[in-house]
Amino acid sequence: MGQFISDGSQLEETITQAVKNTAITDVHTHLYPPAFGQLMSSGVDDLLNYHYLIAEAFLKNRVEKEKFWGLESAEQAQFIWQRLFVDQRPLSEATRGVVTTLKQLGLNTKNGKLSDFREFFEGKSKTEMVDLSFGLSKVTDVVMTNDPIDEIEAAKWIDDSSGSLTSDRRFHSALRLDPILNDCPNTASKLRARGYEVDSDITCEKSRGETVTELSRFITAWIKRIDPVYLAASLPSSFSYPNQESRTIILDEVILPIARKFNLTVAIMAGTKRQINPDLRLAGDSVASTDISAIEAICRRNPNNRFLVTLLSREDQHRLTVVARKFSNLMIFGCWWFLNTPSLIEEITTIRFELLGTSFIPQHSDARVLEQLIYKWSHSRQIIAKVLTAQYLKLFENDWAITADDVEADVADLLANNFWNFIQRKPR
Ligand code: FIX
Ligand code: ZN
């Protein structure tokens with residue numbers, strides 16, 4: 001056992017250093033390694049063309065959307081740079097994130113020009129950028145989002161006889177099942193084109209047995225192909241469970257049995273309100289409150305399944321945290337998307353510590369562009385350290401003995417081990 005920490009400032013310093021330096025497993029991202037070719041996003045233009053920034057670029061410019069979508073990617077980035085970084089100050093979390101990223105990459109943010117930033121990235125290979133971004137953010141493992149219905153991604157996996165897609169062992173796959181759960185009719189026709197006899201209406205009594213068998217055959221084939229660390233789906237705020245609808249049938253008869261068979265956790269990300277403004281494309285999604293009794297029911301009725309859960313709306317966070325106290329097959333994770341802002345991370349993480357101790361996964365990055373790992377984790381680590389310090393200080397005030405080893409063990413659980421232990425896997 002190490003030495004006891006003797007005063008509050010030593011405690012604060014110990015926690016700050018532990019949170020700053022502990023290796024992170026990022027449990028949900030949209031990143032890909034270079035082997036995925038054009039699916040990988042990296043560089044300053046991609047950072048600027050992030051959908052969080054696209055939405056912000058139009059807040060003061062109502063008329064230019066049509067023109068924007070017709071531009072080349074470099075021109076779009078130039079447009080966003082001009083609107084959000086030249087015409088105004090980058091004060092929002094997403095714009096500040098670009099500044100943090102450029103600064104930590106060693107670039108001149110004082111009076112830097114877009115052309116200088118582009119030159120920096122052009123001088124680096126994709127692989128160098130992976131090493132640099134993982135190194136600066138001290139992230140050792142990221143979980144991708146792999147959609148087997150997406151034609152481009154599916155083709156890459158099917159053609160990958162040499163195993164190059166999985167050769168960078170820092171990237172782990174996750175099998176994303178949104179199209180099957182949220183858009184079964186359209187997905188059914190795509191699956192039929194691939195040789196799976198799936199009816200567009202799974203509630204149809206006559207074909208239900210065959211549809212269940214064929215959907216199971218499809219998902220099983222993809223589990224074998226990509227070896228996911230979990231199965232995942234985002235769900236609309238209207239998600240309810242159980243009921244007579246197709247989503248319950250697919251969960252109960254296809255996904256949950258397969259998850260049990262392969263000992264795979266199911267990640268549920270609920271609370272989206274997709275496309276409230278389709279003119280913004282990917283940037284047009286929003287949030288609404290979820291019926292948490294559906295989360296309670298899915299955990300209660302399926303004790304032999306494990307669920308990683310994150311909810312998108314702020315008002316659902318307290319109740320979800322209470323529900324997580326009741327089910328050991330539920331692990332809450334992350335401050336997702338519109339919750340990934342310092343004030344909300346602080347509030348939500350505090351509630352979680354107070355109700356769950358260290359039995360949760362405080363954050364994931366949801367990075368879509370490689371270098372976003374740098375700012376998303378740098379910003380989140382600061383808040384996690386602040387909240388953890390406040391909790392520890394309350395113990396310290398009552399003379400509870402604490403060592404640096406205690407702190408380091410807690411931080412390692414929060415930033416990596418809770419995930420791997422819960423999903424019952426080891427990092428490769
Ligand atoms: O469904 C999801 O995984 C969401 O995280 C994304 O699709 C969303 O667009 C996003 O990037 C949020 O951070
Ligand atoms: Zn995501």
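Ionic pairing of Glu347 and Arg314 is present here: one or more N-O contacts between side-chain nitrogen and carboxylate oxygen are shorter than 4.0 angstrom. Salt bridge Arg428/Asp227: absent, no basic N to carboxylate O contact under 4.0 Å. Salt-bridge formation is detected for the pair Arg96/Glu93: a Lys NZ or Arg NE/NH1/NH2 atom is positioned less than 4.0 Å from an Asp or Glu carboxylate oxygen. A salt bridge between Glu151 and Lys156 is absent, with no side-chain N of the basic residue lying under 4.0 Å from a carboxylate O of the acidic one. Using a cutoff of 4.0 Å between basic side-chain nitrogens and carboxylate oxygens, Asp45 and Arg118 are scored as salt-bridged.
Taking the six-membered ring for Trp, Phe58 and Phe79 have ring centres closer than 6.0 Å. Ring to ring, Phe117 and Trp81 are close: their centroids are under 6.0 angstrom apart. Side-chain rings of Trp377 and His364 stay apart, their centers remaining 6.0 Å or farther from each other. The aromatic ring centroids of Phe36 and Phe171 lie 6.0 Å or more from each other.
Under the 3.5 Å distance criterion, with hydrogens and angles disregarded, no donor-acceptor pair is assigned to the side chains of Asn182 and Arg274. Donor-acceptor pairing under 3.5 Å is recorded for the side chains of Ser42 and Glu371. Side-chain atoms of Thr29 and Asp26 form no donor-acceptor pair, as typed in the model, at a separation below 3.5 Å. At a cut-off of 3.5 Å, with distance as the only test, a side-chain donor of Gln17 or Glu13 sits close to an acceptor on the other residue. Side-chain contact, Arg425 with His172: no donor N or O sits under 3.5 Å from an acceptor N or O. No hydrogens or angles considered: a donor-acceptor pair under 3.5 Å links the side chains of Ser164 and Asp160. Checking Asp291 against Ser240 by side-chain atom types alone, no donor-acceptor pair falls below 3.5 Å. Counted by atom type alone, Tyr32 and Asn146 present zero donor-acceptor pairs between their side chains at under 3.5 Å. Side chain to side chain, Asp46 and Asn49 fail the donor-acceptor criterion of an N or O pair below 3.5 Å. Side-chain contact of Asn418 with Asn421: a donor-acceptor pair under 3.5 Å is absent, judged by distance alone. In this structure, a donor-acceptor pair under 3.5 Å is present between the side chains of Ser92 and Thr95. A donor-acceptor contact under 3.5 angstrom links the side chains of Ser378 and Gln104, judged on distance only. With no hydrogens or angles considered, no side-chain donor-acceptor pair links Glu315 and Ser289 at under 3.5 Å.
With a 6.0 Å radius and a threshold of 12 heavy atoms from other residues, nucleotides or ligands, Glu12 has its CD atom at or below the threshold. Within a 6.0 Å radius of CH2 in Trp69, more than 12 heavy atoms belonging to other residues, nucleotides or ligands are found. Summarising the local packing, CD of Glu119 is surrounded by 12 or fewer heavy atoms from other residues, nucleotides or ligands at distances under 6.0 Å. For Lys113, the NZ atom counts as loosely surrounded, since its 6.0 Å shell holds 12 or fewer non-hydrogen atoms of other residues, nucleotides or ligands.
No cation-pi contact links Arg194 to Phe218, judged by a cut-off of 6.0 Å to the six-membered ring centre and 45° from its axis.
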Go through it in stages, so that I can follow the logic: the residues are Val407 and Thr403, the test is side-chain contact (heavy atoms from CB on, under 4.5 Å), and I'd like the CA-CA distance, side-chain angles, deciding distance and then a yes or no.
CA-CA 7 Å; Val407 170; Thr403 65; over 6 Å; no
side-chain contact (heavy atoms from CB on, under 4.5 Å) between Phe85 and Leu48, worked out
CA-CA 10 Å; Phe85 295 82; Leu48 292 170; 3.6 Å; yes
What verdict does the side-chain contact (heavy atoms from CB on, under 4.5 Å) test give for Val130 and Asp168, after you've listed the backbone C-alpha separation in whole Å, the side-chain angles of each residue and the deciding distance to 0.1 Å?
CA-CA 10 Å; Val130 174; Asp168 187 333; 4.2 Å; yes
Please assess Asp366 against Trp337 for the test side-chain hydrogen bond (donor to acceptor under 3.5 Å, both in side chains), listing each intermediate value before the final yes or no.
CA-CA 7 Å; Asp366 233 307; Trp337 200 344; over 6 Å; no
Might you work through the side-chain contact (heavy atoms from CB on, under 4.5 Å) test for Phe333 and Val309, ending with a clear yes or no?
CA-CA 6 Å; Phe333 74 99; Val309 176; 5.5 Å; no
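What you find for Gly8 and Leu393 is that their closest heavy atoms are CA-CD2, 4.0 Å. Cys335 and Gln363 get closest at one heavy-atom pair: N-OE1, 2.7 Å. The nearest pair of heavy atoms linking Arg381 to Lys20 is NH1-O, 3.3 Å. When every heavy atom of Pro179 is checked against every heavy atom of Thr187, the shortest pair comes out as O-OG1, 2.7 Å.
To the nearest 0.5 Å, atom CG of residue Leu311 and atom CD1 of residue Ile332 are 8.5 Å apart. With rounding to the nearest 0.5 Å, the separation of CD1 in Ile384 from OG1 in Thr389 is 11.5 Å. Atom OH in Tyr375 sits 11.5 Å away from atom CG in Leu102 (nearest 0.5 Å). Atom CD1 in Ile152 sits 5.5 Å away from atom CD in Gln38 (nearest 0.5 Å). Interatomic distance, Gln10 CD to Ile5 CD1, rounded to the nearest 0.5 Å: 5.5 Å. Taken from CD1 in Ile15 to CD in Gln391, the straight-line distance is 10.0 Å, to the nearest 0.5 Å.
Side-chain contact between Ile250 and Ile255: present, with at least one pair of heavy atoms (C-beta onward) separated by less than 4.5 Å. Inter-residue side-chain proximity for Leu308 and Phe422 is flagged as met; some heavy-atom pair is nearer than 4.5 Å.
When each of Asp178, Thr310, Asp285 is paired with Ser234, the side-chain hydrogen bond (donor to acceptor under 3.5 Å, both in side chains) condition holds for Asp178 and for no other. Among Leu256, Leu264, Ile258, Asn263, the one residue that satisfies the side-chain contact (heavy atoms from CB on, under 4.5 Å) test with Arg260 is Leu256. Each of Thr140, Val139, Asp141 was evaluated against Ile24; a single residue qualifies, Val139, per the side-chain contact (heavy atoms from CB on, under 4.5 Å) test.
Using a distance-only test at 3.5 Å, with no hydrogens or angles considered, no donor-acceptor pair links the side chain of Asn277 to the main chain of Gly284. Between the side chain of Thr272 and the main chain of Leu235, a donor-acceptor pair closer than 3.5 Å is present. The closest donor-acceptor contact from the side chain of Arg306 to the backbone of Ile423 lies under 3.5 Å.
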